[in-house]
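Below is one structure, written out as structure tokens, with a few remarks after it.
Residue numbers begin at 1 in each chain, while the letters A, B, ... track the order of the sequences.
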Protein chains: 2
Amino acid sequence: MVKKDVPEHRSGCPLSIALEIFGDRWTLLILRDLMFKQYSTYKEFLESGEGIATNVLADRIRMLQEQGIIVGERSTSDARIICYRPTQKGLDLLPVMVEMIIWADQYEETAAPARIMRRLREDRTGFIDEVRKRFTEAEKGKG
Amino acid sequence: MVKKDVPEHRSGCPLSIALEIFGDRWTLLILRDLMFKQYSTYKEFLESGEGIATNVLADRIRMLQEQGIIVGERSTSDARIICYRPTQKGLDLLPVMVEMIIWADQYEETAAPARIMRRLREDRTGFIDEVRKRFTEAEKGKG
DNA sequence: CCGGATCCGTTTCGATACTG
DNA sequence: CAGTATCGAAACGGATCCGG
């Protein structure tokens, strides 16, 4: 069972509020798969390589939906499959994630291609808009 | 600055590396206290209002030092007190934290004064440089 | 097959009491 | 003041089961 939503934030500090998403190791990995790897289904997240358990994945997906960060809907072509995509609120997390990536790559050995990292550093807003556009256009094409 | 080696269970993805700092609710609160509230001692962190336990605080401080994100040294005026301050690597986390704050304030009710939030949104690099300068100047003044 | 729910042994976390 | 030691609570991983 999931820990219920936190009625009292421990303080009104923005950072402590953001911790509901960032204070957990799995949530960000799911968002990375969703936004950068363009994974969209439960199964893809599960096989993403980091080894998340099924109950944990289900729990985090539920939380992200409750927070309005992602939405899920059944695929029109295969009704068994649920496709998740980020909402506006979810896409607005991109600047945070990009800054994280830049920081980590600067100080630790990462597997990120140097070409992509240079792109990120030199034109982060362009990169973010590109990702954002992928999802907003997909949504239009869907309707 | 030493580059730390990555634990095997994680992929080389920058985001998964950054999770060692961000995938924990307490670590960011400590960094917030350190950089924004200008707290610097164990006791100040402890009484910061969020209710961190003593062992958890000790653990996170140790981890942040091992990661080279903060350093601690005994006060020259009172040898009982250990003053912690962010390193360059720690200060480089400011962009991530600022983006987090902006995101949280945009979507949740926060206690952050509107004046400060506007400053953050409109001049985030100026704000970051200001914080950064506080610590680099303090370090010069110390020597 | 897909997206979960449930049960369970194990690990990790954190609140409290205590110490150097 | 700045931490350990202890121990119960919570989260996790893994296997299994289930409805569509």
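Taking the side chain as every heavy atom from C-beta outward, B/Gln67 and A/Tyr107 never approach each other to under 4.5 Å. Put simply, the side chain of B/Leu64 does not reach to within 4.5 Å of the side chain of B/Tyr84, judged on heavy atoms.
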Just the atom pairs and distances: protein N or O near nucleotides 16-20 of chain C's N or O, under 3.5 Å.
{"unit_1": "C/dA17", "atom_1": "N6", "unit_2": "B/Thr54", "atom_2": "OG1", "d": "3.2"}

Extract from the structure each pairing of a protein N or O with an N or O of nucleotides 18-20 of chain D at less than 3.5 Å, listing the distance.
none

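Residues passing the side-chain hydrogen bond (donor to acceptor under 3.5 Å, both in side chains) test with A/Asp123 are A/Arg119, sequence neighbours excluded. Scored by the salt bridge (Lys or Arg N to Asp or Glu O under 4.0 Å) test, B/Lys37 finds B/Asp33 as partners (sequence neighbours excluded). Partners of A/Arg80 according to the salt bridge (Lys or Arg N to Asp or Glu O under 4.0 Å) rule, which considers only residues two or more places apart in sequence or in another chain, are A/Asp78. Applying the salt bridge (Lys or Arg N to Asp or Glu O under 4.0 Å) test to B/Asp129 and every residue at least two apart in sequence or in another chain returns nothing. For B/Ser40, there are no side-chain hydrogen bond (donor to acceptor under 3.5 Å, both in side chains) partners at least two apart in sequence or on another chain. Applying the salt bridge (Lys or Arg N to Asp or Glu O under 4.0 Å) criterion to A/Lys89, with sequence neighbours excluded, gives B/Glu108. B/Glu47 meets the side-chain hydrogen bond (donor to acceptor under 3.5 Å, both in side chains) test with no other residue; sequence neighbours excluded.
As rounded to whole Å, 12 Å separates atom C1' of D/dC1 from atom CD of B/Glu44. Between B/Met63 atom CE and C/dT12 atom P the separation is 15 Å, expressed in whole Å. The distance from atom CG of A/Asp59 to atom P of C/dC7 is 16 Å, rounded to the nearest whole Å. Counting to the nearest Å, the P atom of C/dG14 and the CD1 atom of B/Ile30 are 11 Å from each other. As a whole-Å value, the separation of B/Leu46 CG from D/dG3 P is 11 Å. Rounded to a whole Å, the CZ atom of A/Arg60 is 14 Å from the P atom of C/dA5.
Within the structure, a side-chain polar atom (N or O) of B/Tyr84 is placed less than 4.0 Å from OP1 or OP2 of D/dG3. Between B/Arg62 and the phosphate of D/dA2, there is no side-chain N or O to OP1/OP2 separation shorter than 4.0 Å.
Closest to the side chain of A/Lys43, from the set D/dA2, D/dC12, C/dG3, is C/dG3. Comparing C/dG3, D/dC12, C/dG14 against the side chain of B/Trp26 picks out C/dG14 as the nearest.
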